[in-house]
Amino acid sequence: MSQSFDPRTTGARHQVDGVTLHAVEAGPDNGPLVILLHGFPEFWWGWRHQIGPLAEAGFRVLVPDQRGYNLSDKPESRRAYDLDRLAKDVVGLADALGREKFSVVGHDWGGLVAWWTASRYPDRVEKLVVLNAPHPAVAGSYMRSHPSQMLRSLYVGFFQIPFLPEAMLSANGHRSLKDALRRTSRPGTFSDEDLAQYEKAWSQPGAVTTMLNWYRALPFKPDIKDPIVQAPTLVVWGTRDRFLERGLAEASLALCRSGDVRWIETATHWVQHEEPEAVNAAMVGFLKA
């Protein structure tokens with residue numbers, strides 16, 4: 001996989017809404033800005049296959065460790081991780097680069113933030129790409145009407161318990177997190193080197209708790225009067241996802257003024273890792289159109 005950046009770069013640090021966010025940057029300074037948002041339990045490394053190709057296509061690529069993750073600040077309060085705060089971080093990163101308009105790409109939790117950013121800031125987001133993540137405005141109602149999805153999401157309830165999830169996820173060198181990545185992905189998706197990078201991020205002081213606080217902030221989900229997404233939207237969905245049903249993608253697209261979906265039947269939840277060429281081609285084609 002061609003990469004035009006050093007995958008072990010320390011990146012830059014940006015002051016955003018009272019926190020400092022670490023981010024990796026690549027591509028021409030004057031290229032259209034694309035912000036890539038990782039999910040749980042990843043960090044910027046989750047986009048390692050996308051950064052180079054997007055930069056080579058002429059985009060200015062900004063890939064933050066979102067708040068609570070890896071080298072970014074880790075506020076202790078659960079309320080520091082509600083969707084409005086997380087979306088404000090995204091807009092703040094664009095402001096830090098002096099950009100009024102930008103496109104946003106998100107996977108998993110990063111996808112929820114990307115959806116929310118596009119709904120909350122329609123005047124700022126030019127295009128939206130979401131990989132295997134539902135719009136927060138449809139997730140709850142879909143789950144209530146689809147018990148099968150509720151069963152897939154039982155772990156979210158477990159994460160609400162104090163202390164116990166931290167102990168379980170941190171035990172034996174974060175073995176349960178490593179096992180979860182490998183168990184829910186295609187064989188060979190996550191190499192030993194990848195897992196070593198993740199373990200280093202998970203071992204940052206307080207990181208496991210602040211990563212879990214994204215889930216623990218769900219009871220504080222802010223209201224939004226109009227969740228309609230104005231920006232042209234592409235949803236990329238690995239249909240072998242063990243966590244999320246494909247109906248969530250369809251329900252989310254119903255909120256889009258202009259939306260399309262690319263089903264990738266060979267991929268799981270970790271679609272950008274497993275099918276990087278297909279994902280990159282879809283993203284570049286859509287963002288350049």
Side-chain angles (χ1 to χ4, degrees), residues 1-14 16 20-39 42-66 69-72 89-111 113-114 117-118 124-133 189-191 193-194 197-198 200-201 231-236 238 262 264 267 270-289:
M1 180 62 61
S2 173
Q3 292 178 326
S4 59
F5 76 108
D6 179 356
R8 291 170 184 78
T9 181
T10 56
R13 303 183 73 82
H14 298 284
V16 175
T20 300
L21 300 181
H22 168 263
V24 167
E25 301 176 29
D29 289 339
N30 62 349
L33 177 61
V34 179
I35 301 176
L36 307 181
L37 304 176
H38 65 82
E42 302 197 85
F43 64 110
W44 74 261
W45 186 262
W47 295 110
R48 65 198 176 282
H49 298 308
Q50 282 68 52
I51 298 171
L54 282 169
E56 290 164 5
F59 294 100
R60 182 62 178 173
V61 187
L62 179 68
V63 195
D65 294 327
Q66 297 198 76
Y69 281 85
N70 194 33
L71 301 180
S72 289
D89 284 349
V90 180
V91 173
L93 285 167
D95 290 342
L97 270 61
R99 300 298 190 95
E100 178 67 22
K101 301 283 189 177
F102 60 92
S103 295
V104 61
V105 178
H107 170 251
D108 185 76
W109 255 112
V113 177
T117 303
R124 302 294 300 273
V125 176
E126 288 187 312
K127 290 188 177 181
L128 170 67
V129 182
V130 177
L131 287 63
N132 284 72
T189 297
F190 294 99
S191 68
E193 179 190 2
D194 294 330
Q197 293 286 344
Y198 286 121
K200 186 177 179 181
T233 301
L234 174 66
V235 173
V236 179
R262 168 74 187 275
I264 300 187
W270 312 102
V271 59
Q272 79 272 32
H273 300 272
E274 295 169 342
E275 297 288 350
E277 289 84 3
V279 169
N280 296 346
M283 285 172 49
V284 170
F286 172 74
L287 292 170
K288 292 192 74 141

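Note that the structure is predicted; figures quoted are calculated from it, not measured.
Partner of His273 under the ring pair (Phe, Tyr, Trp, His ring centres under 6.0 Å) criterion, out of Tyr198, Trp45, Phe190: Phe190 alone.
With sequence neighbours excluded, no residue forms a salt bridge (charged side-chain N to carboxylate O under 4.0 Å, His left out) with Glu274. Residues that satisfy the side chain to side chain donor-acceptor pair (under 3.5 Å) test with Asp65, not counting sequence neighbours, are His22, Asn70. In this structure, the ring pair (Phe, Tyr, Trp, His ring centres under 6.0 Å) partners of Tyr69, at least two apart in sequence or on a different chain, are His38, Trp214. Under the rule for a side chain to side chain contact (heavy atoms under 4.5 Å, CB included), the partners of Asp108 that lie at least two apart in sequence or sit in another chain are Phe40, His269.
Judged purely by atom type and a 3.5 angstrom limit, Gln50 uses its side chain to pair as donor or acceptor with the backbone of Gln272. Of the possible polar contacts, none joining the Lys288 side chain to the Gly58 backbone as a donor-acceptor pair under 3.5 Å is found.
Here salt bridge (Lys or Arg N to Asp or Glu O under 4.0 Å) pairs that include residues 29-39, with residues two or more places apart or in two chains, are Asp29-Arg60. Counting only residues at least two apart or on different chains, the salt bridge (Lys or Arg N to Asp or Glu O under 4.0 Å) pairs with a member in residues 89-101 are Arg67-Asp89, Asp95-Arg124, Glu100-Arg124.
Residues Phe286 and Val236 are not in side-chain contact: their nearest non-hydrogen atoms beyond the backbone lie 4.5 Å or more apart. By the 4.5 Å heavy-atom criterion applied to side chains, Glu277 and His49 are not counted as neighbours.
One distance of note links CG of Leu37 with CG of Leu93; it measures 8.5 Å at 0.5 Å rounding.
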